[in-house]
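Down below is the structure, laid out as structure tokens.
Keep in mind that this is a model prediction, so the values were computed, not measured.
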Amino acid sequence: MTIKKENIPDPKKIEKEIGEFLQQKYGDNVKLITPVVVPDPDREDGDGPKARPVSERINFDLKPEELVAYLDQFIIKQDKAKKILATKICTHFNRIRNQHRWSGTGKIVGAIKNNVLMMGPTGVGKTYMIRLIAQKIGVPFVKGDATKFSETGYVGGDVEDLVRDLVREAGNDIELAQHGIIYIDEIDKIASSRNLIGPDVSRTGVQRALLTLMEETEVEMKVAHDPVSIMQEVEAFRKTGKREKRVVNTKNILFIMSGSFGGLQEIINKRLSRQAIGFSAKLADAAEDPYAAVQHVRSEDLTEFGFETEFVGRLPVRAIFENLTEKDLLDILKNPSNPVVLNKRMDFAAYDIDILFDDNAMRLLAQHACEEKTGARGLVNAVEKALLPFENRLPSKRIRYLPVTEAVVASPDQELARVLEADPQELKNRYESIRRQEKEALAIHIRDKCCAQAERHRFPLTPGRIDIIAEFYLNNITDIENAFDAVRAYFDEAGRIEDYFQNRLDLAIILTDDAIEYIVRQHVQGAFAGFEQVCEKMTADFRDGFRLLADKAGQDVITVNQQALMFPESWLNAAIKKAFGVHNSGSGPQPE
């Protein structure tokens with residue numbers, strides 16, 4: 001391919017124009033410095049290693065029940081919403097994964113995309129759930145706020161910026177971005193005002209701008225008013241010598257909208273009341289919980305609320321979230337994967353202070369949070385209010401353990417004075433008492449919540465393994481899923497010690513299950529930094545004895561159990577005497 005000289009733009013001219021734009025907008029605070037790269041017109045596309053197909057980079061093989069089990073580890077309640085979202089999102093991405101199977105049959109006219117509308121009060125976990133799903137699947141994820149489109153969204157520019165943000169989130173990989181998730185919060189804020197006379201242009205305009213994006217359209221990456229996108233295009237031309245129109249197709253981008261929809265309840269209750277005339281229908285649930293009426297939402301209700309009919313039609317899947325009770329808030333705090341407690345542990349760990357919450361403290365925190373009526377967000381406020389005095393004073397003291405009790409939550413200032421005067425050993429003892437109780441609760445949680453994960457990885461949850469996962473969780477600031485994955489990886493590494501002895505020392509050994517479990521437990525407890533140290537220690541402890549058993553006693557394979565690792569010298573002596581037929585009268589550990 002050849003390019004005529006007159007078709008190549010002058011880099012200096014382009015650089016000058018962009019520099020003038022930045023000068024007008026930002027003054028002397030921003031300077032444009034662009035390296036000059038000579039374009040190579042003969043360069044062909046596809047040079048260098050090709051990226052793996054998107055289907056290999058995204059976890060497309062999840063089943064709905066597996067995704068529900070994953071969400072259950074993090075999110076309390078919302079069972080219906082979890083099932084709906086897990087089912088439709090898994091179906092969406094599995095359809096993409098398998099679309100090659102029916103691609104030869106022709107494109108389906110009027111194909112429906114499973115865009116989702118989430119409805120629920122504030123603080124019930126809507127955004128949190130979508131972030132968890134996007135992280136689990138491994139797709140790029142962008143969150144936008146519908147309110148920022150109120151003024152200029154009707155022209156379409158700002159709405160399309162969500163797609164461009166998705167490309168940036170995907171590392172500028174357009175193909176990956178075309179399989180991402182765009183989440184728009186507070187979507188109820190762009191419903192047209194019901195008491196407005198005349199068209200509500202800005203709000204209905206945003207709805208229309210979103211219509212084509214939610215179905216299928218192409219969005220150009222270049223924006224005339226965005227100097228960054230212009231600079232990217234210039235840089236791409238300088239490198240390739242080609243002008244390429246970079247566009248993003250929204251066909252496979254999943255759109256998820258959410259909002260609290262205040263006022264929708266009255267519309268639904270009015271409709272239900274009309275339908276109840278002459279029948280025995282009851283609205284008791286709505287009286288007890290005003291938000292319960294939203295469970296009966298219909299498209300006509302959303303239209304009356306202020307959405308365009310076409311807009312409602314682009315959101316065929318609806319997930320209704322429930323209000324959180326005081327018990328639900330307590331369950332959230334007790335969930336070991338909840339970010340409220342984990343973040344607070346991280347705050348204090350920044351000063352080398354370990355904190356744990358006892359059950360009574362959590363109950364009082366849940367009560368205070370419920371009074372704020374902001375859902376799970378109230379938990380953050382309640383925890384901060386109780387612990388801020390401690391976070392301010394303790395880093396300057398020589399205190400390393402903070403047991404958070406009911407007294408700490410009820411009277412922070414008074415309890416802080418007691419903590420500052422308390423014996424450090426007393427604080428540690430109280431902390432260890434809470435730790436033992438939490439470890440018992442963790443064992444039950446892991447057994448109940450990690451079954452699907454264990455089955456998927458073929459990692460049976462024996463009591464010993466459950467105890468090690470709980471130990472890892474308490475020794476590190478992480479959620480249960482990461483603790484499970486880390487411990488499982490440790491077991492895999494410990495199993496490779498057999499290969500080390502075979503390859504390095506030409507000795508065939510077999511580690512029993514209790515031996516591997518002992519090695520992993522020691523690692524979790526910090527007895528050694530890595531499994532290389534285990535191999536070095538076992539080599540020092542056993543090499544000569546193993547060599548004697550293999551060469552002189554003719555043992556082809558040596559079985560090593562937990563006793564051997566705990567008492568290497570006495571175990572070896574007993575093993576050698578047994579191999580050579582010498583009676584062992586000692587009382588030390590005997591080889592199996």
Look at [X] together with [Y] and state whether they make a salt bridge at an N to O cut-off of under 4.0 Å.
X    : Y    : value
R363 : E326 : no
D79  : K83  : no
K344 : D347 : yes
R456 : E66  : yes
R547 : D544 : no
K126 : D185 : no
D352 : R400 : no
E415 : R418 : yes

Looking at [Y], is its backbone amide N or carbonyl O close enough to the side chain of [X] to form a donor-acceptor pair, meaning the two atoms are under 3.5 Å apart?
X    : Y    : value
K143 : R131 : no
D479 : F74  : no
N114 : T91  : no
T374 : R377 : no
N115 : F255 : yes
S337 : I480 : yes
H523 : I519 : no
N338 : I332 : yes
K537 : E532 : no
Q178 : K251 : no

Check whether NZ of the Lys or CZ of the Arg [X] lies under 6.0 Å from the centre of the six-membered ring of [Y] and within 45 degrees of that ring's axis.
X    : Y    : answer
R345 : Y473 : yes
R496 : F531 : no
R430 : Y401 : no

Check: Can R521 and E471 be said to form a salt bridge (Lys or Arg N to Asp or Glu O under 4.0 Å), step by step?
Finding: CA-CA 8 Å; R521 187 183 298 277; E471 183 84 14; 5.5 Å; no
Next item on the list: Could you check whether the rings of F484 and H457 sit parallel, tilted or perpendicular, using 30° and 60° as the cut-offs?
Entry: tilted
Determine whether [X] and [Y] make a side-chain contact, defined as any pair of heavy atoms from C-beta on separated by less than 4.5 Å.
X    : Y    : answer
V487 : R465 : no
I75  : L132 : yes
E391 : F348 : yes
I253 : V248 : yes
I130 : L85  : yes
D506 : F501 : no
L572 : F567 : no
M346 : I477 : yes

Margin query: Applying side-chain hydrogen bond (donor to acceptor under 3.5 Å, both in side chains) to T478 and N476, what does each step give before you reach the verdict?
Written below: CA-CA 6 Å; T478 185; N476 301 273; over 6 Å; no
Next item on the list: Given side-chain hydrogen bond (donor to acceptor under 3.5 Å, both in side chains), test D358 with Q437 step by step and report yes or no.
Entry: CA-CA 8 Å; D358 72 6; Q437 296 174 8; over 6 Å; no
Notebook entry, point to check: Would N573 and S570 count as a side-chain hydrogen bond (donor to acceptor under 3.5 Å, both in side chains) if you check the C-alpha gap in whole Å, the side-chain angles of each, and the deciding distance to 0.1 Å?
Noted result: CA-CA 5 Å; N573 288 336; S570 58; over 6 Å; no
Can you confirm whether more than 12 heavy atoms, excluding those of [X], are under 6.0 Å from its [atom1] atom?
X    : atom1 : answer
K439 : NZ    : yes
Q533 : CD    : yes
Q502 : CD    : yes
D513 : CG    : no
E569 : CD    : no
F528 : CZ    : yes

Check: Which heavy-atom pair separates E406 from A361 by the least distance, and what is that distance?
Finding: N-CB, 3.8 Å
Note to self: One pair to check against side-chain contact (heavy atoms from CB on, under 4.5 Å): D485 and Q453. What are the steps and the verdict?
What the structure shows: CA-CA 9 Å; D485 289 339; Q453 199 174 356; 3.2 Å; yes
Notebook entry, point to check: Can you list the steps and then say if L329 with L333 is a side-chain contact (heavy atoms from CB on, under 4.5 Å)?
Noted result: CA-CA 6 Å; L329 295 175; L333 282 177; over 6 Å; no
Next item on the list: Pick out which of L402, V341, L394 makes a side-chain contact (heavy atoms from CB on, under 4.5 Å) with I355.
Entry: L402
Note to self: Please evaluate residues F546 and T539 with respect to the criterion side-chain contact (heavy atoms from CB on, under 4.5 Å), reporting the C-alpha separation (whole Å), side-chain torsions for both, the decisive distance (0.1 Å), and the verdict.
What the structure shows: CA-CA 9 Å; F546 283 173; T539 300; over 6 Å; no
Next item on the list: Would you please test I466 and L442 for side-chain contact (heavy atoms from CB on, under 4.5 Å) and show each step?
Entry: CA-CA 9 Å; I466 290 175; L442 279 170; over 6 Å; no
Notebook entry, point to check: What's the spacing between Q367 CD and L330 CG if we round to 0.5 Å?
Noted result: 11.0 Å
Margin query: Would K136 and E481 count as a salt bridge (Lys or Arg N to Asp or Glu O under 4.0 Å) here? Give the steps.
Written below: CA-CA 11 Å; K136 181 66 174 175; E481 187 189 33; 3.1 Å; yes
